[in-house]
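Quick caveat, the model's predicted, so the values are computed rather than measured.
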Amino acid sequence: SDTMSLILPTDLIGIQQNMGSPKVFLGISIKKNKKQEYKISMEDTIEKLENDYKIVPTSRKLITPIAKGFETDNKAPFLNEKDHSQYRSIIGSLIFIANTVRLDISFAVSYLSRYLQAPRTCHLKSAFRVVHYLIQTKSYGIKFSSNNMSVPYKDFRYLDKTGDVFIIDYPNYGKYKLATITDADFAADKEDRTSQSGHITLLNNNIISWSSKKQKCVALSTAESEYISLSEGIKSSIYFRNLLKEMKSSTTVIDLIGDNKASLTLSSHNTQHQKTKHIDVRYHHFRDLVNKKIIKINYVNTKDNISDMLTKLLDTTTHQNLIKHILIW
């Protein structure tokens, strides 16, 4: 508020001050506590979704957006024109919610979006389950704070077993610290055997961006799918690094975090070159960034990888454990 007052014309300062702190912006609910921490959620939008579709909340407790083990029933009938239109409408609303605040439904929405052209009754039922899950968890949101808990990762250079790792000194992080944590589910799609990538970008331990999407090519191994996910994930950090630079608040090193040691080895140097020649050259671009000290490769234990929920349907225990690290309620 004080900063805004400095840049607003004199005749608008009084209007700006009378408006007070923002409460809702584009369907995003904004709350501020006494510790100067902000929480954003989608409570208003979810309530509107509930009213628009006249949904009667289920009494059954839903821990996950879609149950682990869900698969498309290819014998289920296709939706009629009316239900098909409703399905597209629901998925459109869910995409907005997933991309804005609720990253915990990102994979479920990504999966259901694959069937927009020819959805079946099982897909519509699952879409409504996601809505019921949101209704029960509408208070969940992302917190922006100066003391958020960090992901427990380690510098991969000290874990690399190849024997030819060159230890170099990196500059200090400075005021702003960017990190991207990635994961992949190898051959996740049983129809075309493509893998699913997921990544979360953090600025000073605050979540600012995420993605869950199918990879564009078929990976031949877990390491390859994870390597592609690392390559895709770093693009987000590079974007925000350039944005900070334009704002005269540049950062130095970007932490790239993964839980597959084979893919991290490929990221660090050209070991196993003969096994990776078939990988598209566009996925090797960040090796150059590593050499230029723009990226530092880090390892995180799978159980602490918060991007895991962006790649697959999780069991209730794992889902709840990861939720505690990324959302508050």
Practice item. Look up atom CD1 in Ile28 and atom CG in Asp44, then write down how far apart they are to the nearest 0.5 Å. Key: 11.0 Å
Practice item. Taking side chain to side chain donor-acceptor pair (under 3.5 Å) as the test, write out the residues that go with Thr137, two or more places apart. Key: Arg102
Review point. Of all residues at least two apart in sequence or in a different chain, which pass the side chain to side chain donor-acceptor pair (under 3.5 Å) check with Asp155?
Key: Arg157
Check your understanding: Are Lys32 and Gln36 linked by a side-chain donor-acceptor pair shorter than 3.5 Å?
Key -> yes
**Study point:** Contact check, side chains of Leu256 and Asn298, non-hydrogen atoms, under 4.5 Å
**Key:** no
Exercise for review: Please determine, by modelled atom types, if Gln215 and Ser197 share a side-chain donor-acceptor pair under 3.5 angstrom.
Suggested key: yes
Review point. If we ignore angles and hydrogens, is there a donor and acceptor under 3.5 Å between the side chains of Thr318 and Asp315?
Key: yes
Check your understanding: Which pair of non-hydrogen atoms, one from His319 and one from Ile63, has the smallest distance, and what is that distance?
Key -> CD2-O, 3.1 Å
Review point. Does Ser195 reach the main-chain N or O of Ala187 with its side chain, forming a donor-acceptor pair under 3.5 Å?
Key: yes
Point to revise | Connected via hydrophobic side-chain network under 4.5 Å: Val24 and Ile40 | key: no
**Study point:** Non-hydrogen side-chain atoms of Phe186 and Glu224 separated by less than 4.5 Å
**Key:** no
Practice item. Indicate, with yes or no, if Leu62 and Val56 share a hydrophobic cluster defined by side-chain heavy-atom contacts under 4.5 Å among Ile, Leu, Val, Met, Phe, Trp and Tyr. Key: no
**Study point:** Donor-acceptor pair, side chain of Arg88 and main chain of Leu116, under 3.5 angstrom
**Key:** no
Review point. Just checking, is any N or O donor in the side chain of Ser212 or Gln196 under 3.5 Å from an acceptor N or O on the other one?
Key: yes
Review point. Between Asn305 and Val151, is any pair of side-chain heavy atoms under 4.5 Å apart?
Key: no
Check your understanding: Just checking, is any N or O donor in the side chain of Tyr140 or Ser41 under 3.5 Å from an acceptor N or O on the other one?
Key -> no
Practice item. Could you check if a side-chain atom of Leu203 sits within less than 4.5 angstrom of a side-chain atom of Leu244, using non-hydrogen atoms only? Key: yes
Check your understanding: Is a side-chain N or O of Ser229 found less than 3.5 angstrom from the main chain of Ser225, in a donor-acceptor match?
Key -> no
Point to revise | Residues Leu49, Ile97; criterion side chain to side chain contact (heavy atoms under 4.5 Å, CB included); working and verdict | key: CA-CA 10 Å; Leu49 189 65; Ile97 294 172; 4.2 Å; yes
Check your understanding: Any side-chain donor-acceptor pair under 3.5 Å between Asp104 and Tyr133?
Key -> yes
**Study point:** Basic-acidic side-chain contact under 4.0 Å: Lys214, Asp192
**Key:** yes
Check your understanding: Taking Ser89 for the side chain and Ser85 for the main chain, is one N or O donor matched with an acceptor at less than 3.5 Å?
Key -> no
Exercise for review: Determine yes or no for a side-chain-to-main-chain donor-acceptor pair under 3.5 angstrom, with Asn301 supplying the side chain and Asp304 the backbone.
Suggested key: no
Practice item. Working to the nearest 0.5 Å, report the span between CG of Leu322 and CG of Leu314. Key: 6.5 Å
Check your understanding: About how many Å separate NZ of Lys143 and CG of Asn205, when rounded to the nearest 0.5 Å?
Key -> 11.0 Å
Review point. How close do Leu310 and Ser106 get, heavy atom to heavy atom, and via which atoms?
Key: CD2-CB, 3.6 Å
Check your understanding: How would you list, by chain and number, every residue that makes a side chain to side chain donor-acceptor pair (under 3.5 Å) with Asn206, sequence neighbours excluded?
Key -> Asn148
Check your understanding: What residue pairs, at least two apart or across chains, pass side-chain hydrogen bond (donor to acceptor under 3.5 Å, both in side chains) with a residue in residues 237-247?
Key -> Thr180-Ser237
Review point. Between the main-chain N or O of Leu79 and the side-chain N or O of Asp83, is there a donor-acceptor pair closer than 3.5 Å?
Key: no
Point to revise | Donor + acceptor pair across side chains of Asn204, Tyr176 (<3.5 Å) | key: no
Point to revise | Closest approach of Thr64 to Arg129 (non-hydrogen atoms, all atoms of both residues) | key: O-NH2, 3.0 Å
Review point. Between Ile135 and Ile95, is there a shared hydrophobic cluster once you connect ILVMFWY residues whose side-chain heavy atoms come closer than 4.5 Å?
Key: yes
Practice item. Please name the pair of heavy atoms, one in Arg120 and one in Phe78, separated by the smallest distance, quoted to 0.1 Å. Key: NH2-CZ, 3.2 Å
Point to revise | Side chains of Leu178 and Asp255 in contact at under 4.5 Å (non-hydrogen atoms) | key: no
Check your understanding: Closest heavy-atom contact between Phe107 and Thr311?
Key -> CE1-O, 3.3 Å
Review point. Do you see a donor-acceptor pair shorter than 3.5 Å between the side chains of Thr201 and Ser236?
Key: yes
Point to revise | Side chain to side chain, Tyr299 and Asn260, heavy atoms closer than 4.5 Å | key: no
Check your understanding: Passes side chain to side chain contact (heavy atoms under 4.5 Å, CB included), Leu264 versus Tyr227? Steps please.
Key -> CA-CA 7 Å; Leu264 296 177; Tyr227 182 78; over 6 Å; no
Check your understanding: Are any of the side-chain heavy atoms of His199 and Lys235 separated by less than 4.5 Å?
Key -> no
Exercise for review: Tell me, please, whether Tyr38 has Lys31 positioned over its six-membered ring: NZ or CZ under 6.0 Å from the ring centre and within 45 degrees of its axis?
Suggested key: no
Exercise for review: Using the salt bridge (charged side-chain N to carboxylate O under 4.0 Å, His left out) rule, collect all pairs that involve residues 174-184, keeping only residues at least two apart or in two chains.
Suggested key: Asp183-Lys312
Practice item. Any chance you could lay out the side chain to side chain contact (heavy atoms under 4.5 Å, CB included) test for Val130 and Ile66, step after step, and finish with the verdict? Key: CA-CA 6 Å; Val130 177; Ile66 298 181; 3.9 Å; yes
Check your understanding: With side chains defined as the heavy atoms from C-beta onward, is the minimum distance between Lys39 and Ile328 less than 4.5 Å?
Key -> yes
Study note, to complete from the structure: Here the gap from Lys296 atom NZ to Ile257 atom CD1, rounded to the nearest 0.5 Å, amounts to 10.0 Å
Exercise for review: Output yes when Lys48 and Asp52 qualify as a salt bridge under the 4.0 Å nitrogen-oxygen rule, no when they do not.
Suggested key: yes
**Study point:** Value rounded to 0.5 Å, distance of OG in Ser113 from CD1 in Ile91
**Key:** 5.5 Å
Review point. Any side-chain donor-acceptor pair under 3.5 Å between Thr72 and Tyr111?
Key: yes
Study note, to complete from the structure: Here the gap from Ile105 atom CD1 to Met42 atom CE, rounded to the nearest 0.5 Å, amounts to 9.0 Å
Check your understanding: Can you name the side chain to side chain donor-acceptor pair (under 3.5 Å) partners of Asn33, sequence neighbours left out?
Key -> Glu37
Exercise for review: Evaluate side chain to side chain contact (heavy atoms under 4.5 Å, CB included) for Ile142 paired with Leu103, printing each intermediate quantity in order.
Suggested key: CA-CA 9 Å; Ile142 296 175; Leu103 63 162; 4.1 Å; yes
**Study point:** Parallel, tilted or perpendicular: ring planes of His123 versus Tyr87, cut at 30 and 60 degrees
**Key:** tilted
**Study point:** Distance-minimising heavy-atom pair for Tyr153 and Val300
**Key:** CB-CB, 4.2 Å
Exercise for review: Verify the cluster assignment for Ile208 and Met247: are they in a single hydrophobic cluster under the rule of side-chain heavy atoms below 4.5 Å apart?
Suggested key: yes
